[in-house]
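All figures in this text were calculated on a predicted structure; none of them were measured in a lab.
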Amino acid sequence: MKLPGILFDLDGTLVDSIKEMHLALNLALSDVAFPVVSPGQVQQWVGNGIEVLVQRGLSCHFEINPHLSDALIEQATERFKVHYQALVGEHAELYPGVEIGLYELSELPKAIVTNKSRAFTLQLLQKLNIAKHFDVIVCGDDGNKKPAPDLLQLACEQLGISTAEVVMIGDSKNDILAAQSSEISVIAVNYGYNQGEALSQFNPQYLCEQFSDIIPILTNQN
């Protein structure tokens with residue numbers, strides 16, 4: 001699978017950021033007098049952007065309560081953003097093998113493709129000192145979020161390569177479905193935030209248990 005370019009999801013693939021998302025969500029929930037939630041719940045709920053995460057927190061469930069008022073959602077979302085901005089990168093960590101792996105892939109064009117908003121994405125990449133590894137950064141406010149294929153297609157356009165020449169690396173169904181919609185090959189990782197779903201059922205080309213497993217696949221050394 002030696003290809004000219006790589007698209008990387010961010011949260012759950014390169015970075016473990018659950019702790020600070022959990023803290024920000026609980027602070028926001030407290031601000032609007034709603035019960036706090038557990039880290040395990042947040043890990044099941046992330047992956048569809050801040051707005052959906054906040055609504056799941058307000059619902060205390062993966063399925064969003066349709067009776068939540070727009071005013072409440074807006075207030076809680078704004079409070080989350082305030083708290084998260086203060087926390088981004090403070091408690092996040094690169095997964096084992098990510099830093100050395102990115103150096104090993106230094107000769108390949110690389111893009112971040114994330115549902116996270118650009119302001120938080122750039123802040124996180126800067127705090128973790130990995131922005132230098134990526135030629136292109138495409139975020140959730142650049143188009144329809146994954147599992148829509150828009151962000152992946154935009155990343156390919158900005159890299160100047162076709163969808164047939166890249167591989168998507170991600171930790172969730174959203175990453176796999178977005179890639180498959182554009183006929184992009186997929187390497188899924190099992191250690192991230194998969195919303196409790198077995199990724200094998202979505203038929204990625206490869207399913208890896210740790211980040212270091214992807215290096216021989218991408219460099220055609222396996």
Side-chain angles (χ1 to χ4, degrees), residues 1-15 47-49 94-95 97-122 124-125 128 130-195 197 199-222:
M1 188 184 269
K2 198 164 187 178
L3 294 171
I6 313 170
L7 311 181
F8 285 100
D9 175 53
L10 183 58
D11 297 287
T13 300
L14 300 175
V15 181
N48 301 98
L94 297 175
Y95 283 106
V98 167
E99 189 163 19
I100 190 169
L102 290 175
Y103 277 106
E104 290 184 60
L105 300 170
S106 60
E107 295 183 4
L108 294 173
K110 293 179 288 298
I112 291 286
V113 184
T114 176
N115 283 348
K116 189 189 288 291
S117 66
R118 180 166 296 274
F120 296 137
T121 297
L122 296 180
L124 181 58
L125 293 174
L128 295 174
I130 59 170
K132 60 192 175 187
H133 292 288
F134 301 98
D135 306 284
V136 166
I137 298 170
V138 175
C139 302
D141 33 15
D142 293 327
N144 294 319
K145 293 181 173 67
K146 299 175 287 184
D150 305 43
L151 300 183
L152 282 69
Q153 293 172 357
L154 178 59
C156 290
E157 290 172 13
Q158 293 186 5
L159 285 172
I161 53 183
S162 73
T163 55
E165 297 176 297
V166 300
V167 59
M168 177 71 201
I169 300 173
D171 66 308
S172 73
K173 172 179 72 174
N174 289 336
D175 298 310
I176 298 172
L177 295 181
Q180 290 172 341
S181 294
S182 297
E183 298 184 351
I184 292 173
S185 298
V186 190
I187 299 175
V189 295
N190 249 342
Y191 54 75
Y193 316 145
N194 55 30
Q195 298 181 339
E197 297 181 290
L199 298 182
S200 57
Q201 67 182 304
F202 303 108
N203 302 310
Q205 273 71 28
Y206 295 88
L207 185 58
C208 297
E209 297 301 320
Q210 53 193 4
F211 190 86
S212 59
D213 293 340
I214 74 172
I215 306 302
I217 296 171
L218 292 173
T219 56
N220 209 22
Q221 297 169 1
N222 56 325

**Message:** If you apply the rule side-chain contact (heavy atoms from CB on, under 4.5 Å), what do you find for Val15 with Leu94, and how did you get there?
**Reply:** CA-CA 4 Å; Val15 181; Leu94 297 175; 3.9 Å; yes
**Request:** Heavy atoms only: give me the nearest Val166-Cys156 pair and the separation to one decimal.
**Result:** CG2-SG, 3.7 Å
**Side-chain heavy atoms of Ile112 within contact of Val138, under 4.5 Å** = no
**Cationic N near anionic O, under 4.0 Å, Asp9 to Lys146** = yes
**Prompt:** Do Lys116 and Leu124 have side-chain heavy atoms sitting under 4.5 Å apart?
**Reply:** yes
**Message:** Take a 6.0 Å sphere around CD of Glu183 and say whether it holds more than 12 heavy atoms from other residues, nucleotides or ligands.
**Reply:** no
**Item:** Heavy-atom pair with the smallest gap, counting every atom of Pro109 and Pro4
**Value:** CD-O, 2.6 Å
**Complete:** CG (Leu10) and CG (Asn115) are apart, to the nearest 0.5 Å, by 10.5 Å
**Asked** CG/Leu128 to CG/Leu14 distance, rounded to the nearest 0.5 angstrom?
**Response** 9.5 Å
**Request:** Please tell me if the side chains of Thr13 and Tyr95 come closer than 4.5 Å, counting only heavy atoms from C-beta onward.
**Result:** no
**Asked** Which heavy atom in Asp142 sits nearest to a heavy atom in Cys139, and how many Å separate them?
**Response** OD2-N, 2.7 Å
**Asked** Are the side chain of Asp171 and the backbone of Tyr193 linked by a donor-acceptor contact shorter than 3.5 Å?
**Response** yes
**Request:** Answer yes or no: is there a donor N or O on one side and an acceptor on the other, between the side chain of Gln180 and the main chain of Phe202, under 3.5 Å?
**Result:** yes
**Asked** What distance do Asp11 atom CG and Phe120 atom CZ have between them, rounded to the nearest 0.5 Å?
**Response** 11.5 Å
**Prompt:** What are the two closest non-hydrogen atoms of Gly5 and Ile161, and how far apart are they?
**Reply:** CA-CD1, 3.7 Å
**Fill in**
Separation between CD (Gln153) and CG (Asn144), nearest 0.5 Å, reads 10.5 Å
**Request:** Verify whether one side chain among Gln195 and Asn174 offers a donor that lies under 3.5 Å from an acceptor in the other.
**Result:** no
**Message:** With a 3.5 Å distance limit and no angle check, can you tell me whether Asp141 reaches the backbone of Arg118 through a side-chain donor-acceptor pair?
**Reply:** yes
**Request:** Would you kindly say whether Gln205 and Ser185 are connected by a side-chain donor-acceptor distance under 3.5 Å?
**Result:** no
**Message:** Would the distance check show the side chain of Asp150 and the main-chain N or O of Gly143 forming a donor-acceptor pair, the cut-off being under 3.5 Å?
**Reply:** no
**Request:** Give the intermediate values and the outcome of side-chain contact (heavy atoms from CB on, under 4.5 Å) for residues Leu125 and Ile137.
**Result:** CA-CA 10 Å; Leu125 293 174; Ile137 298 170; 3.5 Å; yes
**Check: Tyr103 and His133 side chains under 4.5 Å, non-hydrogen atoms** = yes
**Request:** Measure the shortest side-chain to side-chain distance between Asp175 and Val186 over non-hydrogen atoms and say whether it is less than 4.5 angstrom.
**Result:** no
**Asked** Do you know which of Ile187, Asn190, Ile215 makes side-chain contact (heavy atoms from CB on, under 4.5 Å) with Cys208?
**Response** Ile187
**Asked** Should Lys173 and Asn194 count as side-chain neighbours, where that means a heavy-atom distance under 4.5 Å?
**Response** no
**Item:** Atom pair OG (Ser182) and CE (Met168), whose distance is rounded to the nearest 0.5 Å
**Value:** 11.0 Å
**Prompt:** Does some side-chain heavy atom of Ile184 sit less than 4.5 Å from a side-chain heavy atom of Val167?
**Reply:** no
**Prompt:** If you take all heavy atoms of Leu151 and Gly140, which pair is closest and at what distance?
**Reply:** CD1-CA, 4.2 Å
**Spatial distance of atom CG (Leu207) from atom CG (Leu199) [nearest 0.5 Å]** = 6.0 Å
**Over 12 non-hydrogen atoms of neighbours within 6.0 angstrom of CD in Glu165** = yes
**Message:** Less than 4.0 angstrom from a charged side-chain N to a carboxylate O is my criterion; do Lys110 and Asp135 meet it?
**Reply:** no
**Request:** Flag the pair Leu102 / Phe8 as yes when at least one side-chain heavy-atom distance between them is below 4.5 Å, and no otherwise.
**Result:** yes
**Asked** Run the side-chain contact (heavy atoms from CB on, under 4.5 Å) check on Leu154 and Val113 step by step: do they pass?
**Response** CA-CA 9 Å; Leu154 178 59; Val113 184; over 6 Å; no
